[in-house]
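First the structure, in the form of structure tokens, and then the observations on it.
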Amino acid sequence: MRIGATLSGGFVKGVAHIGFLEALEYKGIPPSFVAGSSAGALVGALYSFGLSTKKILEIAKGLSWKDLARPSLKGGLFKLEGLYSILKEIVGDARIEELPLPFGLAVVNLRTLKVEFKREGPLADLVVASCSVPPLFSPWKVGSDYYADGGLRNCLPAEMAKAAGVELNVCCSVNGYTYAFNPNSLLDVAVRASLATVIENQETRERYCDIIVNLSLEGNPLSFDMVELFYRTGYDETLKKLEGGVPWL
């Protein structure tokens, strides 16, 4: 049976996808196609390139925003040049269509304002493009077009996996939320406002998911201090979701 794994966006909370993928492996259901948006595109790309979940987690634990972003003020406050350099060191000139595990990601074309599903093209460039959420990060140029975070219009590109022919699509969203927040905190209010849009566009894609793991992750979505907790929660909650068995397996 062809298994799909669809990974949502979610800033640093996307580290939970590492635990999600590890739990799928533990249960004996490794994916044959991976789709992702934003942080999910990053984790999915490294996994599809052939890195183990342990290696991806090791990389995540060694990161900070100063490693990933540089001040810009051209189309965004920062530009993800550091992330691009790190990806180039790992994947070189790899192209999506050449990966050992079939993979696709979502980006938004800022010229047409349409979401585009990429299954071909330069891996490092397209992953950075999918992570470039405005106005925090500048758009990323690929070819003659400028692209931004796929999560702007499709934070959970589950239809990609279905279009690739998977029979069972297991989806992971790290954008669950609690009711508690600080209305006087600029960060809390900004995160809540963005979640409102994200949840709206995610819910329309849940019909393409056969199993969905919705994670409500406590903690700052921009903090690399939370990497271990996010990873562990992704692993534990996925195992709980799969305790009753997997349909059709």
Side-chain angles (χ1 to χ4, degrees), residues 3-26 29-63 65 67-68 80 82-84 86-91 94 96 99-107 118-119 123-133 137 149-151 154-158 160-161 169-176 198 202 209 212-215 217 221-224 226-238:
I3 308 295
T6 300
L7 314 177
S8 76
F11 288 102
V12 181
K13 288 185 177 183
V15 169
H17 294 314
I18 305 171
F20 167 78
L21 291 167
E22 189 171 312
L24 293 185
E25 290 182 350
Y26 178 79
I29 47 174
S32 50
F33 182 86
V34 177
S37 192
S38 198
L42 175 57
V43 172
L46 294 175
Y47 187 77
S48 298
F49 182 73
L51 270 60
S52 68
T53 53
K54 286 182 172 54
K55 180 60 179 177
I56 301 171
L57 179 61
E58 178 186 324
I59 293 170
K61 286 182 174 179
L63 292 177
W65 283 113
D67 300 318
L68 303 179
L80 289 174
L83 175 59
Y84 179 73
I86 291 168
L87 282 172
K88 289 290 283 186
E89 287 181 10
I90 297 170
V91 307
I96 291 177
L99 297 180
L101 176 60
F103 170 70
L105 56 77
V107 289
K118 299 292 190 181
R119 292 194 58 185
L123 183 64
D125 277 294
L126 287 168
V127 168
V128 174
S130 189
C131 293
S132 295
V133 55
F137 302 123
D149 190 333
N154 192 331
C155 200
L156 189 70
M160 285 196 76
N169 193 15
V170 190
C171 303
C172 182
S173 168
V174 302
N175 295 307
V198 164
Q202 277 194 180
C209 299
I212 184 163
V213 180
N214 272 314
L215 301 174
L217 299 165
L222 299 177
S223 174
F224 281 96
M226 309 294 291
V227 162
E228 179 66 33
L229 176 62
F230 294 155
Y231 154 75
R232 178 54 57 184
T233 302
Y235 181 78
D236 291 343
E237 292 301 314
T238 303

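Both backbone and side-chain heavy atoms feed into the values below; hydrogens, waters and symmetry mates do not.
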_Going by ring pair (Phe, Tyr, Trp, His ring centres under 6.0 Å), name the residues that satisfy it together with F224, two or more places apart in sequence or in a different chain._
W65
*Partner residues of E25 under the salt bridge (charged side-chain N to carboxylate O under 4.0 Å, His left out) criterion, sequence neighbours left out*: none
*Considering non-hydrogen atoms only, spot the tightest contact between F11 and P221 and give its length.*
CB-O, 3.1 Å
*The single option from I18, T53, L87 passing side chain to side chain contact (heavy atoms under 4.5 Å, CB included) against L46*: L87
*Contacts of type salt bridge (charged side-chain N to carboxylate O under 4.0 Å, His left out), residue K13, not counting sequence neighbours*: none
*Atom CG in L101, atom CZ in F33: separation rounded to 0.5 Å?*
8.5 Å
*What pairs with Y231 under ring pair (Phe, Tyr, Trp, His ring centres under 6.0 Å), at least two apart in sequence or on another chain?*
none
*Do V174 and H17 have side-chain heavy atoms sitting under 4.5 Å apart?*
yes
*Begin from the C-alpha positions of V91 and V127 and carry the test side-chain contact (heavy atoms from CB on, under 4.5 Å) through to its verdict.*
CA-CA 11 Å; V91 307; V127 168; over 6 Å; no
*What side-chain hydrogen bond (donor to acceptor under 3.5 Å, both in side chains) pairs are there with at least one residue in residues 31-42, not counting sequence neighbours?*
S38-D149
*Does K55 pair with E58 as a salt bridge, N-O distance under 4.0 Å?*
yes
*Closest heavy-atom contact between L217 and T233?*
CD2-CG2, 3.4 Å
*Should I96 and L105 count as side-chain neighbours, where that means a heavy-atom distance under 4.5 Å?*
yes
*Apply side chain to side chain contact (heavy atoms under 4.5 Å, CB included) to A23 and list each qualifying residue two or more places apart in sequence or on a separate chain.*
Y235, T238, L239
*Partner set under ring pair (Phe, Tyr, Trp, His ring centres under 6.0 Å) for Y47, not counting sequence neighbours*: none
*Is the shortest heavy-atom distance from the side chain of I3 to the side chain of V170 under 4.5 Å?*
yes
*Can you sort out the partners of E237 under salt bridge (charged side-chain N to carboxylate O under 4.0 Å, His left out), two or more places apart, ordered by chain and number?*
K240
*Quick one: are L51 and I59 in side-chain contact, heavy atoms under 4.5 Å?*
yes
*Is there a side-chain contact between V12 and S223 (heavy atoms, below 4.5 Å)?*
no
*For the residue pair K118 and M160, what are the closest heavy atoms and their distance?*
O-CE, 4.0 Å
*asked:* What verdict does the side-chain contact (heavy atoms from CB on, under 4.5 Å) test give for L63 and I86, after you've listed the backbone C-alpha separation in whole Å, the side-chain angles of each residue and the deciding distance to 0.1 Å?
replied: CA-CA 10 Å; L63 292 177; I86 291 168; 3.7 Å; yes
*Of all residues at least two apart in sequence or in a different chain, which pass the side chain to side chain contact (heavy atoms under 4.5 Å, CB included) check with D125?*
Y84, P122, W140, V142
*Tell me, please, which residues at least two apart from V198 pass side chain to side chain contact (heavy atoms under 4.5 Å, CB included).*
C155, N175, Q202
*Output the distance between atom CD1 (I29) and atom CG (L24), rounded to the nearest 0.5 Å.*
5.0 Å
*Please answer whether the main-chain N or O of F137 pairs with a side-chain N or O of S132 as donor and acceptor at a distance below 3.5 Å.*
no
*asked:* Is there a side-chain contact between V227 and L57 in this structure, where contact means two heavy atoms from C-beta onward sitting under 4.5 Å apart?
replied: yes
*asked:* Looking at every non-hydrogen atom in both residues, tell me the closest pair between F103 and S48 and how far apart they are.
replied: CB-OG, 3.5 Å
_If you compare all heavy atoms of G44 against all heavy atoms of V34, which two are closest, and at what distance to 0.1 Å?_
CA-CG1, 3.8 Å
_Reported CZ-to-CD1 distance for the pair F49 and I90, which is rounded to 0.5 angstrom_ = 8.5 Å
_salt bridge (charged side-chain N to carboxylate O under 4.0 Å, His left out) partners for D236, two or more places apart_ = R232
*Of all residues at least two apart in sequence or in a different chain, which pass the side chain to side chain contact (heavy atoms under 4.5 Å, CB included) check with T6?*
A35, L156, P157, A158, A161, N169, C171
*L215: which of S173, C172, S8 passes side chain to side chain contact (heavy atoms under 4.5 Å, CB included)*: C172
*asked:* Testing the basics here: between C131 and L80, what is the closest heavy-atom pair and its distance to 0.1 Å?
replied: O-CD1, 3.7 Å
